[in-house]
Amino acid sequence: MSLKFWKPGTSLPEPGSSLDRDTQAEGTIPVATPSSLSSLSISAQRENLPIYKHRSKILYTIEKHGVTIVWLGGDGHVIACTQPRRVAATSVANRVATEVGSLLGDEVGYIIRFESVSSPSRTRILYMTDGMLFRETLLDPLLSRYSVIMLDEVHERSVYTDLLMGVLKKIRRKRPSLRLIISSATLDAAALLDYFNSDSLDDPATIISLEGRMFPVEIAYLAEPTPDYVSKAAATAWDINTHHGPGDVLIFLTGREEIDRCLEELSEMLGTNKMKNAPSLLLLPLHAVIVSTNIAEASVTIDGIKFVVDCGFVKIRIFNPNTSLSTLTTLPTSLASATQRAGRAGRTSSGICYRLYPQSASLALQRTSPPLLTHTDLTTPILLLLSLGFHNILKFPWPTPPPAENVLRALEGLNSAGLIGEDGRMTIVGEKVAEMPVEVGIARMVPLRVERAPMRRRNPTIAAMCSVQDVFIIPDGAPGALAELERRKFTAEEGDHLTLLNVYNAFARSHSSKSFCSRHSLSFRSLSRAMSIRGQLKKYMQRFSLPLESCEGDAKRLRRCLVSGLWRNGARWVGDGSFKSVRGDKTLYVHPNSVLFTRKPRSGWVVFHEMEETKKTQIRILTEIEPEWLLDYGNRYEDNKGSSNGVAVG
DNA sequence: GAGCACTGC
């Protein structure tokens, strides 16, 4: 069987029209259908085309598919295609618009947070981030304006893609005419097919698995395991360059520290060889060596790589429900990740991937990486599911169920924050928090009801600044010292929350000036993002009819208000730059980016926004407080619960 | 006196 795709440049058929435009097709692509339409495998391997070409071909068939469904179903007419990342949504939309001869935002458009290039009446194919489509289910639980929904890059198992899969499974029971297309790059397509088709609906879901690589990549393993993959990576890159070049090299390591060390070792080798063998110096400037984390695995693509050096490890963040602490841990990659990394060597010609582990070790690798939902804090996802009406969370059709402790911990946290009641149902404040497009911890920093002072001082600017990262740019060495001096200009004695507020206000006064940011060593990107988020938060406050009050010159009230949300995150100074947590009596270290990194708070007490375990447990975004405030809020909470447990602050 | 894997609303 072969499906035709129509000529680029012609417009899409109207719903209900005949499909005679097939006659305009310029070519065909072979489609293997092993049993039925339920498993559609498109082979694009025979043509040496760049990935977008493959993508758009699939999209042609989906457009065709989609139009057919519209014609049959008639209860919607938009084809949605989700992507886990913003850039992917915009760039694929752009490419497809060009190829079908549509103006971007007309027949083909995209929607990502803060940015919509689409027309409600004219757009037929809508690319969007998975998070945006999930948000839409909160407003339209049956997603009734779509006739076809395609989830792309499902193998990445992002939080929103997994949530969408569960929700879509339920939607399809109520709207069997909705056509679902799942696109996954790995071998787990069969499992996904079972997941979706266990309901035995008449119209089964379609799983597309893209056999992607364009050029062959040879895999080479080490004969023996290496005790130091960073040195080995540098040595391998050097070896490639001197004996196997020419060709650009991409090295996968797990983090910044490793990357710095690897680059150092490479430059040392370059220095030594410069002395004794001048000609080899000419090779390096011509051929790049790129040392990267797994950002180069999917998010950033670099063309022209011929050699990949893969250390075989990845750093992931794992949430521990017992301590509510996230830990950054280095673990072996999955087989799927290793394949993905190797594939980076074959984008423009055939290549070689050097894996810095023995072949025997590759047999022990997990097939795929664990879905994010199984090792992340579920507080926000679960509130969203409750808001969608999944009251029995344990029965939600998770594509992969998270550990029960993680679910229980999230429910407990939501209850203690007053967002769900003892019966597990959402409170009025809980409903508002779910509506806000930020994490629960951030939404709670925003005023959500008319309150008495000092709770009234909840501040959307601070909330927005806490939800962006890397506001201060502090490079290594001498420029770092200068940047440090620039940062001091914004420092508030009271701590990081007020310092961030100062930075934001100065940025706003500069009319969001880029040069202001570079003069003061601030990230323009992060501050612009904070500004958009603040705007979004204010919009919700208006919707909830809450006035935005100014907290200028009222630092004390503002700090008290911070305690009302963060009293569980209290800590006491114990000397040598370290603190003890009020809960759990854990030793905490101040993150070097904090203004309290260099000095002891006068009262000896702080609250903090978040903690994370790397080599040691660090706390970020701290504010100095008075210890009685902790007791105040802790007792108030315990009174409300009617429990006798006080808060240990001794 | 020392650091932060990667997304998304």
Side-chain angles (χ1 to χ4, degrees), chain A residues 82-89 111-116 128-139 153 156-164 252-260 292-300 311 313-318 326-331 333 337 340 369 371-373 375-376 380-381 383-384 387 433-443 464 467-477 480-481 484 523 526 529 532-533 536-537 539-540 576-578 589-594 596-599 610-620:
Chain A
T82 68
Q83 299 289 333
R85 278 176 300 281
R86 293 160 57 90
V87 270
I111 296 185
I112 58 178
R113 191 189 191 185
F114 307 129
E115 212 177 311
S116 168
M128 56 212 298
T129 41
D130 50 9
M132 284 308 288
L133 187 61
F134 186 82
R135 275 281 149 198
E136 203 168 328
T137 64
L138 297 176
L139 304 170
E153 312 282 6
E156 290 191 21
R157 303 298 298 267
S158 74
V159 165
Y160 286 114
T161 292
D162 265 30
L163 293 178
L164 271 172
F252 282 101
L253 295 174
T254 73
R256 176 162 166 188
E257 199 186 323
E258 289 176 8
I259 289 172
D260 288 347
S292 165
T293 61
N294 61 339
I295 192 168
E297 199 176 302
S299 311
V300 173
C311 76
F313 286 87
V314 64
K315 207 179 273 185
I316 58 168
R317 189 191 178 106
I318 297 174
S326 286
T327 306
L328 280 173
T329 315
T330 302
L331 292 174
T333 60
S337 257
Q340 180 73 14
S369 312
L372 195 46
L373 267 179
H375 56 90
T376 197
T380 306
L383 187 68
L384 291 170
S387 170
V433 167
E435 231 182 287
M436 314 264 292
V438 286
E439 273 172 21
V440 166
I442 299 293
S467 61
V468 298
Q469 50 188 11
D470 305 322
V471 170
F472 301 102
I473 300 168
I474 314 274
D476 277 338
E484 203 74 55
S523 163
S526 294
R529 211 179 132 77
S532 303
I533 294 171
Q536 212 173 27
L537 295 175
K539 207 178 73 191
Y540 281 86
D576 284 345
S578 67
Y589 294 87
V590 179
H591 193 281
N593 277 1
S594 170
L596 288 171
F597 180 66
T598 43
R599 62 181 177 83
E610 61 185 5
M611 64 177 174
E612 185 178 62
E613 188 173 312
T614 49
K615 278 174 190 157
K616 36 191 192 181
T617 305
Q618 291 190 325
I619 48 179
R620 290 180 59 244

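In the text below, chain A, chain B and the rest are named by the order of the sequence lines, each starting its count at 1.
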Exercise for the section: Kindly write out the residues that satisfy side-chain contact (heavy atoms from CB on, under 4.5 Å) with A:Q536, not counting sequence neighbours, or none if the list is empty. Expected result: A:R113, A:F114, A:P437, A:Y540
Practice task
Indicate, with a heavy-atom threshold strictly under 4.0 Å, whether A:T293 touches base, sugar-phosphate, or nothing.
Solution key: sugar-phosphate
Exercise for the section: For A:V438, report the nucleic acid contact type (base, sugar-phosphate, nothing); a contact means any heavy atom under 4.0 Å. Expected result: base
Practice task
May I ask you to say what A:Y589 touches in the nucleic acid, namely base, sugar-phosphate or nothing, with a heavy-atom cut-off under 4.0 Å?
Solution key: nothing
Practice task
Name the residue closer to the 5' end of DNA chain B, choosing between A:L328 and A:M436 according to the nucleotide with the nearest heavy atom.
Solution key: A:L328
Handout entry: ring-ring contact (aromatic ring centres under 6.0 Å, His included) partners for A:F313, two or more places apart
Key = A:Y229
Problem - Test side-chain contact (heavy atoms from CB on, under 4.5 Å) applied to A:E115 - qualifying residues, sequence neighbours left out - result: A:R86, A:Y110, A:I112
Completion exercise
So the contacted stretch of DNA chain B, first to last nucleotide with an atom under 4.0 Å from a non-hydrogen atom of chain A, runs from B:dG1 to B:dC9
Exercise for the section: Decide yes or no on salt bridge (charged side-chain N to carboxylate O under 4.0 Å, His left out) for A:K315 and A:E258, but give the supporting numbers first. Expected result: CA-CA 11 Å; A:K315 207 179 273 185; A:E258 289 176 8; over 6 Å; no
Exercise for the section: Mind checking A:R85 for me? I need base, sugar-phosphate or nothing, with any heavy atom below 4.0 Å counting as a touch. Expected result: sugar-phosphate
Practice task
Quick one: label A:Q618 by what it contacts on the DNA or RNA (base, sugar-phosphate, nothing), any heavy atom closer than 4.0 Å.
Solution key: sugar-phosphate
Handout entry: Comparing A:D470 and A:T598 on DNA chain B - which has the more 5′ nearest nucleotide
Key = A:T598
Completion exercise
A:S337 meets the side-chain contact (heavy atoms from CB on, under 4.5 Å) criterion, sequence neighbours left out, with A:E297, A:T333, A:S334, A:S369
Practice task
Output all residues satisfying side-chain contact (heavy atoms from CB on, under 4.5 Å) with A:L331, sequence neighbours left out; order by chain, then residue number.
Solution key: A:I316, A:I318, A:T329
Exercise for the section: Just call it for A:R317: base, sugar-phosphate, or nothing, with non-hydrogen atoms closer than 4.0 Å on any strand. Expected result: base
